[in-house]
2 protein chains.
Amino acid sequence: MDLDARVHLLKTIADATRLRILGLLAEEPRSGRQLAEALGLGAPTISHHMARLVEVGIVRVTPDGTRRLYALNAGLLDAAAAPAATATVAPIADPDHARHVRIFFDGPRLRSIPAKRKARVSVLLELLRRFEPGRRYAEAEVNALLREAHDDVAFLRRELVDYRYLAREGGVYWVNPDVPDRDANEAQEVPAGEAAWLGQLVRGVVAG
Amino acid sequence: MDLDARVHLLKTIADATRLRILGLLAEEPRSGRQLAEALGLGAPTISHHMARLVEVGIVRVTPDGTRRLYALNAGLLDAAAAPAATATVAPIADPDHARHVRIFFDGPRLRSIPAKRKARVSVLLELLRRFEPGRRYAEAEVNALLREAHDDVAFLRRELVDYRYLAREGGVYWVNPDVPDRDANEAQEVPAGEAAWLGQLVRGVVAG
DNA sequence: GTTAAACTTCGATGAACATCGAAGGAGTGA
DNA sequence: TCACTCCTTCGATGTTCATCGAAGTTTAAC
């Protein structure tokens, strides 16, 4: 996480409305409408803030009928609570990874799905990081997470399973604990340091 | 610390230039000129940022000849490092305290020194909070800290000592560990919680 | 007093952005 | 298909604020 990223993240949290939103989401997940009512703000304003919060990863969103349910990203906070645990997926060592990500991602969205295998692997690994290791996901949850990146969730899901990045049994998915085929991947320790101060911050700020 | 204060503090840190300044000050104290050179910015810009950082208490300033030396407020960071310690001065329980502070303070500055004893006590206790308990101060340091509030530092210093808020021996001052005469003061526990997340944040952000 | 260095204040400029109303999807159910 | 709800996008508005040059202030040294 470089300077710009940190500034971006801080700027995102440094707003009264968004702090109040985080406080509400810390109690329970809520829809946009609920947040708008609770804060006395218009729907466009809420939409604006939620887009920012989701973009930096503090909030997760799942479609639910015509509504969209927003929830605090528990993974970050849990990582902060157990600062010794290494709860993140091992880093990606492919030197072209960053370039691929830059080319194919537009924020959280995927501009397109790469045709070439190497770039597709980069994109899939990047998507894999949105899943919490150890947690089990229903197929709908997997779809919801992937839909933040691209509409063809079925293809992405199939690819993730084919590459063994996601394991599946019945309708339940989870991150493969020892991901295969990750080029030159030496599983270096990434203690939850980065997530730790973020989570600590969010906890502290939200708790008041 | 209410919502607005937290937002204000976050907004203060959420700036690339100020984060770089904090990073530099984490290494060693520096003057405004040094910071301007290191960052390639104009003197007015540095002055602007330093005023903000000092106002929120992350940075301390001491005059040094024609220069002003800026240093990270070690107290906050130390409080974060030992999260169990209660390193802050006991809170002020006088119900009129907040009103007095609002009336007589304009940011860190004192509009005037209250003539009435009650209000003056409030102001003095508020000033006392700018000192780190346990730390020993040279008279020049005491003056420097008080000068941020008002030019008549001699009067303020004498009052602080007269009220036994500051103890003195030789030329050395320190916060009286058991402050007397603090109306209805039941020394409630204020674990360094607030400072903790701030310090944790600064540490994390600065360390990268 | 005078000069020089370091810093602050003032005013202006431009960029970022929170908010809103109006219009435009998108999902749900008749 | 139609209506309804929820949400997003667009365009406009007003505010905040980082930055700079110019001018003012403070401190030290002679």
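First the proteins, then the strands, lettered A, B, ... as listed; each starts at 1.
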| message | For a quick check of understanding: with a heavy-atom distance under 4.0 Å over all strands, which category does A/His49 fall into, base, sugar-phosphate or nothing? | response | sugar-phosphate
| message | How many whole angstroms separate atom CE of B/Met50 from atom P of C/dA6? | response | 16 Å
| said: If I take atom NE2 in residue B/His8 and atom P in nucleotide D/dT16, what distance separates them, rounded to the nearest angstrom? | reply: 12 Å
| query | What nucleotide, of C/dT19, D/dC7, C/dC7, holds the atom closest to the side chain of A/Ser31? | reply | D/dC7
| field | Residue that, paired with B/Leu24, satisfies side-chain contact (heavy atoms from CB on, under 4.5 Å) out of B/Leu39, B/Leu72, B/Leu19 | value | B/Leu39
| query | Touch check for B/Leu41, heavy atoms < 4.0 angstrom, all strands: base, sugar-phosphate only, or nothing? | reply | sugar-phosphate
| Within this structure, what is the CD1-to-C1' distance between B/Ile46 and D/dA18, rounded to whole angstrom? | 11 Å
| note | Taken to the nearest whole Å, NZ/B/Lys11 to C1'/D/dT16 is 8 Å
| Roughly how many Å is it from CG in A/Leu69 to P in C/dG27, rounded to a whole number? | 16 Å
| query | What is the distance, rounded to the nearest whole Å, between atom CG of B/Asp15 and atom C1' of C/dC17? | reply | 15 Å
| remark: Note: A/Gly32 and A/Ile46 closest approach over all heavy atoms is O-CG2, 3.8 Å
| request: Starting from P on D/dC17, measure out to CD1 on B/Ile13 and report it in whole angstrom. | output: 15 Å
| message | Taking any heavy-atom pair under 4.0 Å as a contact, classify B/Arg147: base, sugar-phosphate, or nothing. | response | nothing
| field | Inter-residue atom distance B/Arg60.CZ - B/Leu145.CG, 0.5 Å rounding | value | 5.5 Å
| message | What is the distance, to the nearest angstrom, from the CG atom on A/Leu39 to the P atom on C/dT19? | response | 9 Å
